Amino acid sequence: MADTITPREEDYSQWYIDLVRSAKLADYSDVRGCMVIRPNGYAIWEKMQAALDGMFKATGHVNAYFPLFIPESYIQKEADHIEGFAPECAVVTHGGGEELAEKLYVRPTSETVIWASYKKWIQSYRDLPLLINQWANVVRWEMRTRLFLRTSEFLWQEGHTAHATPEEAQEEVLRMINVYKTFAEEYMAMPVLIGRKTESEKFAGADETWCIEAMMQDKKALQAGTSHNLGQNFAKAFDCQFQSKKGTLEYVWATSWGVSTRLIGALIMAHSDDKGLVLPPKLASRQVVIVPILRGDKQAVAEKAHALADELNSNGIHAFVDDSEQNSPGWKFAEYELQGIPVRLEIGPRDISSNICIAARRDTGEKQQIALDDTFAASISALLDAIQQSMFKSALEFREANTWEVSSYDDFKKSIDKGFLIAHWDGTGETEAKIKEETKATIRLIPEDPDFRKKYSMDEPGICICSGNPSKGKVVFAKAY
RNA sequence: CGGGGUGUGGCUCAGCUGGUAGAGUGCUGCGUUCGGGACGCAGAGGUCGUGGGUUCGAGUCCCGCCACCCCGACCA
């Protein structure tokens, strides 16, 4: 037997760790809180990068790269920013054997170093908008880490844009949070709620933070992406002004937005099961594994398997054959299920003689016969599409089945482990903090999707579940990662 | 930072009242197998986290240190 995975029912947290390690997605490193992303895990990140990068370019953004090291004086320029990030920064004090005149912060995020450049690049309204994205690693010295979900160093992308008007900036904030939503739903097959963060949950240095929130299989919430409206905060901190068409000097309006390797954790916790990883076909670098049953005329079986793989690959489906004789077919079935390959094809002598093969889908485990005629590639392609759709559908059904409206605080406290709770809130930070203190639930977001708001009649005024004060509308509470 | 746990072949771990290190799995070779984690035979592989101490003798007992993991408070 290979590694065994703790069942989700028994210990969800241990299941997650067991899965990450036995599917060879990541390993712990010898440095606290850091992980090695193994090829199986990195392949998922590469697929994510490719899809997102295409979407960023399609919305007019370009890539650039800014330095890892940030002078201490930069970090200190924006008051909320330093307050939010300084405690969790790694700081370089020595270089080349000598103490540095100014400490260098290993970037926890790049607003400051980027705005130092933007100040030099922006003089006129003609220089705007400036739409730049960077793929990079960042370091945050978190107190408690968890593979993919929160590591000391992680990979991400961060978009940083500069605009001439607040309206344009806000449009950008919404455009990008919607790009994330599209990516989460169409590629990750993971439904998300879109909305705003409360004052206490927003990004350090932002006027407003938008986010997408997903529900994991243990019914906890995970923030999967954020898009911030930075107002003129960083422009003022870095004295970045431009001359408008009218000739006046004005501060630039800014946004920033990012998603990280945390998405891999989200993907795992949204779909995978006790047998291992379950990957949506669009994010699987290997979509189909062909396992030949090598008996009888072994060579003929192996050749047929390779011919099928070739046919799939030439139709844009990523297929490969495992014809090694070291491991039995049973071993291969289990191994590729662990690795989350969406479709497995079995082909043996008796299939060849009846001109079929057996297809097993990873998400449901269902097996079906596929005809080996000129409809073959189209059948597999349709099967992959069906898997992608059905994964999204079941995740959505799961979220909907675990979203509840509650109207009393007693009910709220009793229901908090049951998923997303929709309840009235008086809008104050005090109440928010009290609820968090007493129930560990936080306000995940103030949803903006009109259909969602309507479904739960979120715009109707009411009474705050905790304070009993008037509430202008409902928000979504949950325990979160 | 508080609480808990663990450091012994690549991995997971066993090792009792101290006597000079073992299993499963993985790995290498050969052969038989192969439609749900097959089997036989033969091999390779360990300064027992680290520094001291007790002892004729320490993986085991004592003291210190280090590291990592898990559960909480903080965060993407």
Side-chain angles (χ1 to χ4, degrees), chain A residues 1-6 11-14 16-18 21-22 24 27-35 83-89 108-109 137-158 180 197 200-204 206 209 211-214 221-228 256-266 275-276 291-296 298 301-302 322-338 344-352 356-358 360 365 367 369 433 436-437 440 442 479-481:
Chain A
M1 280 292 283
D3 303 335
T4 52
I5 298 177
T6 305
D11 183 343
Y12 191 81
S13 181
Q14 191 61 46
Y16 176 78
I17 295 164
D18 289 350
R21 304 206 71 198
S22 45
K24 300 187 178 70
D27 248 352
Y28 292 110
S29 81
D30 288 333
V31 178
R32 189 194 76 92
C34 290
M35 65 173 172
E83 195 189 321
F85 282 104
E88 57 182 55
C89 283
T109 179
N137 58 336
V138 287
V139 169
R140 296 182 189 176
W141 219 257
E142 300 289 354
M143 291 176 182
R144 190 154 126 52
T145 57
R146 227 163 125 73
L147 292 168
F148 288 116
L149 297 180
R150 190 176 302 102
T151 45
S152 299
E153 179 192 12
F154 56 94
L155 306 183
W156 78 346
Q157 60 67 217
E158 47 182 328
Y180 290 154
K197 285 292 188 192
S200 70
E201 297 274 337
K202 75 179 192 190
F203 177 76
T209 288
C211 64
I212 51 170
E213 292 279 333
L222 183 79
Q223 178 172 310
T226 48
S227 182
H228 314 291
S256 69
W257 29 272
V259 295
S260 71
T261 36
R262 162 178 270 199
L263 289 180
I264 298 173
K275 289 176 168 180
V291 178
I293 308 303
L294 298 171
R295 60 194 314 185
K298 289 183 186 179
V301 176
D322 183 350
D323 58 2
S324 68
E325 296 197 54
Q326 316 308 320
N327 299 114
S328 66
W331 186 91
K332 293 173 189 174
F333 296 171
E335 179 62 20
Y336 295 116
E337 279 167 0
L338 177 60
R344 178 184 70 241
L345 299 182
E346 302 166 23
I347 178 138
R350 72 178 185 234
D351 303 310
I352 292 176
I356 54 142
C357 70
I358 304 296
K367 289 190 181 189
Q369 291 189 355
K436 185 176 177 183
E437 170 76 27
K440 289 179 181 159
T442 50
K479 284 191 182 172
Y481 277 96

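Chain letters run A, B, ... following the sequence lines, proteins first, then strands; residues in each count from 1. Just so you know, these numbers come straight off a predicted model, no measurement behind them.
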Distance alone, cut at 3.5 Å: any donor-acceptor contact between the side chains of Ser324(A) and Asp322(A)? yes
Decide whether Ser13(A) and Arg146(A) meet the rule of one side-chain donor and one side-chain acceptor closer than 3.5 Å. yes
For a quick check of understanding: with a heavy-atom distance under 4.0 Å over all strands, which category does [X] fall into, base, sugar-phosphate or nothing?
X: Thr226(A); result: nothing
X: Ser13(A); result: sugar-phosphate
X: Lys436(A); result: sugar-phosphate
X: Ser324(A); result: nothing
X: Gly33(A); result: sugar-phosphate
X: Lys298(A); result: base
X: Arg140(A); result: base
X: Tyr28(A); result: sugar-phosphate
X: Ile358(A); result: base

If I pick the [atom1] atom on [M] and the same atom on [N], what distance separates them, to the nearest angstrom?
N: U12(B); M: G7(B); atom1: P; answer: 11 Å
N: G53(B); M: C16(B); atom1: P; answer: 24 Å
N: G15(B); M: U33(B); atom1: P; answer: 41 Å
N: C65(B); M: C70(B); atom1: C1'; answer: 22 Å
N: G59(B); M: A21(B); atom1: P; answer: 9 Å
N: C61(B); M: U55(B); atom1: C1'; answer: 10 Å
N: A38(B); M: A44(B); atom1: C1'; answer: 23 Å
N: U17(B); M: G10(B); atom1: P; answer: 28 Å

Write down the distance between [atom1] ([X]) and [atom2] ([N]), rounded to a whole number of angstrom.
X: Met35(A); N: C68(B); atom1: CE; atom2: P; value: 16 Å
X: Ile264(A); N: A76(B); atom1: CD1; atom2: P; value: 19 Å
X: Leu338(A); N: G37(B); atom1: CG; atom2: P; value: 15 Å
X: Glu337(A); N: G36(B); atom1: CD; atom2: P; value: 12 Å
X: Arg144(A); N: A76(B); atom1: CZ; atom2: P; value: 16 Å
X: His228(A); N: C75(B); atom1: NE2; atom2: P; value: 14 Å
X: Glu142(A); N: C1(B); atom1: CD; atom2: C1'; value: 15 Å
X: Asn327(A); N: U25(B); atom1: CG; atom2: P; value: 14 Å

With a 3.5 Å cut-off and heavy atoms only, can you find an N or O donor on one side and an acceptor on the other between the side chain of [X] and the base of [N]?
X: Glu325(A); N: C34(B); value: yes
X: Arg150(A); N: C75(B); value: yes
X: Arg344(A); N: G35(B); value: no
X: Arg350(A); N: G35(B); value: yes
X: Asp351(A); N: G35(B); value: yes

Gap between atom [atom2] of [Y] and atom [atom1] of [X] - 0.5 Å precision:
X: Asn137(A); Y: Trp156(A); atom1: CG; atom2: CH2; answer: 10.5 Å
X: Asp18(A); Y: Asp11(A); atom1: CG; atom2: CG; answer: 8.5 Å
X: Arg150(A); Y: Thr145(A); atom1: CZ; atom2: OG1; answer: 8.5 Å

Report the residue from Ile352(A), Ile293(A), Ile356(A) that forms a side chain to side chain contact (heavy atoms under 4.5 Å, CB included) with Ile347(A). Ile352(A)
Searching all strands shown, indicate the nucleotide that pairs with [N] (Watson-Crick or G-U wobble; both distances under 3.5 Å).
N: C11(B); value: G24(B)
N: G45(B); value: none
N: U33(B); value: none
N: A58(B); value: none
N: G2(B); value: C71(B)

Tell me whether Arg344(A) is salt-bridged to Glu335(A), with the criterion being a basic N under 4.0 Å from an acidic carboxylate O.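 Salt bridge: no.
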Phosphate contact (A76(B) OP1 or OP2) by Lys202(A) side-chain N/O below 4.0 Å: no
Look at the side-chain N and O atoms of Ser260(A) and state whether any lies under 4.0 Å from the OP1 or OP2 oxygen of A76(B). no
Between His228(A) and Phe203(A), how do the two ring planes meet: parallel, tilted or perpendicular, split at 30° and 60°?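 Parallel.
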Nucleotide nearest Lys440(A) (side chain, heavy atoms from C-beta), chosen from C34(B), A38(B), G72(B): G72(B)
Selected nucleotide, minimal atom distance to Glu88(A) side chain, candidates C75(B), C34(B), A38(B): C75(B)
Nearest-nucleotide comparison on RNA chain B, the residue closer to the 5′ end among Cys357(A) and Gly225(A):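 Closer to the 5' end of RNA chain B: Cys357(A).
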When you match Met143(A) and Cys34(A) each to their closest nucleotide on RNA chain B, which lands nearer the 5' end?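 It is Cys34(A), whose closest nucleotide lies nearer the 5' terminus.
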Assess whether side-chain contact (heavy atoms from CB on, under 4.5 Å) is satisfied between Gln157(A) and Val259(A), documenting all intermediate values. CA-CA 6 Å; Gln157(A) 60 67 217; Val259(A) 295; 3.4 Å; yes
